[in-house]
Amino acid sequence: IIQLFGIASASVKNSNNLMMEQYFLVTEYANQGDLLSLIRRDNSIPESKLILFSYQIAAAMTYLHGLNPPLIHRDLACRNVLIKDWTVKL
């Protein structure tokens, strides 16, 4: 699970010159980016790493769903799976 350091917000003008609130999540840095970009960038990822990623994703989802109340991800996709030092971060 990715570490959340904090949340920030700022009031900005949109393209219609109306004020709107923007929110930002500050998390740990995932130095290898998202899984989709990693696969596109390096199509020679060893099968053992891909199996490890699958196991880590399943373990993270099991943890989230086991919380009381359960936490549902709702958008599990390669673009939303971050990789840091060959470790999955959700």
Side-chain angles (χ1 to χ4, degrees):
I1 305 296
I2 197 156
Q3 186 174 358
L4 175 66
F5 293 120
I7 301 171
S9 65
S11 295
V12 295
K13 287 186 180 180
N14 66 12
S15 59
N16 295 327
N17 214 24
L18 299 173
M19 293 301 289
M20 61 180 276
E21 199 73 16
Q22 284 191 333
Y23 297 93
F24 307 92
L25 299 176
V26 182
T27 65
E28 68 181 293
Y29 178 64
N31 60 345
Q32 291 171 292
D34 65 89
L35 182 56
L36 182 61
S37 297
L38 180 65
I39 291 169
R40 286 181 175 163
R41 193 171 54 244
D42 181 5
N43 61 0
S44 63
I45 299 170
E47 184 178 329
S48 60
K49 291 286 186 193
L50 297 173
I51 292 169
L52 177 63
F53 291 162
S54 299
Y55 174 79
Q56 292 173 347
I57 291 167
M61 296 305 291
T62 298
Y63 169 76
L64 292 173
H65 292 173
L67 294 173
N68 189 9
L71 186 77
I72 308 300
H73 191 287
R74 293 192 61 193
D75 194 16
L76 184 60
C78 287
R79 70 180 181 278
N80 295 327
V81 175
L82 301 177
I83 309 294
K84 178 182 180 181
D85 301 323
W86 296 103
T87 301
V88 164
K89 299 288 186 168
L90 290 182

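Of the possible polar contacts, none joining the Q3 side chain to the E28 backbone as a donor-acceptor pair under 3.5 Å is found. Using modelled atom types, one side-chain atom of D34 and one backbone atom of L36 make a donor-acceptor pair closer than 3.5 Å. No side-chain donor-acceptor contact under 3.5 Å links D85 to the backbone of T87.
Expressed to the nearest 0.5 Å, how far SG of C78 lies from CG of N80 amounts to 9.5 Å. With values rounded to the nearest 0.5 angstrom, L35 atom CG is found 11.0 Å from R40 atom CZ. With rounding to the nearest 0.5 angstrom, the NZ atom of K49 is 12.5 Å from the OG atom of S44. Atom CD1 in I1 sits 11.0 Å away from atom CG in L82 (nearest 0.5 Å). Going from atom CD1 of I57 over to atom OG1 of T62 covers 11.5 Å, rounded to the nearest 0.5 Å.
Counting heavy atoms from C-beta outward, L38 and F53 have side chains that approach closer than 4.5 Å. At a threshold of 4.5 Å between non-hydrogen side-chain atoms, the residues H65 and L71 do not count as touching. Within the 4.5 Å cutoff, side-chain heavy atoms of V88 are placed close to those of I83. Side-chain atoms of Y29 and K84, non-hydrogen and from C-beta on, never get closer than 4.5 Å to each other. With a 4.5 Å cut-off on side-chain heavy atoms, V81 and L76 count as touching.
Scanning both residues, N14 and N16, for their nearest heavy atoms gives OD1-N, 2.9 Å. Between R41 and Q32, the shortest heavy-atom contact is NH2-O, 3.0 Å. Across F24 and A10, no two heavy atoms sit closer than the pair CE1-CB, 4.2 Å.
No path of Ile, Leu, Val, Met, Phe, Trp and Tyr side chains, each step under 4.5 Å between heavy atoms, connects I72 with L64, placing them in separate hydrophobic clusters.
Around the CD atom of E47, the shell of radius 6.0 Å holds no more than 12 heavy atoms that belong to other residues, nucleotides or ligands.
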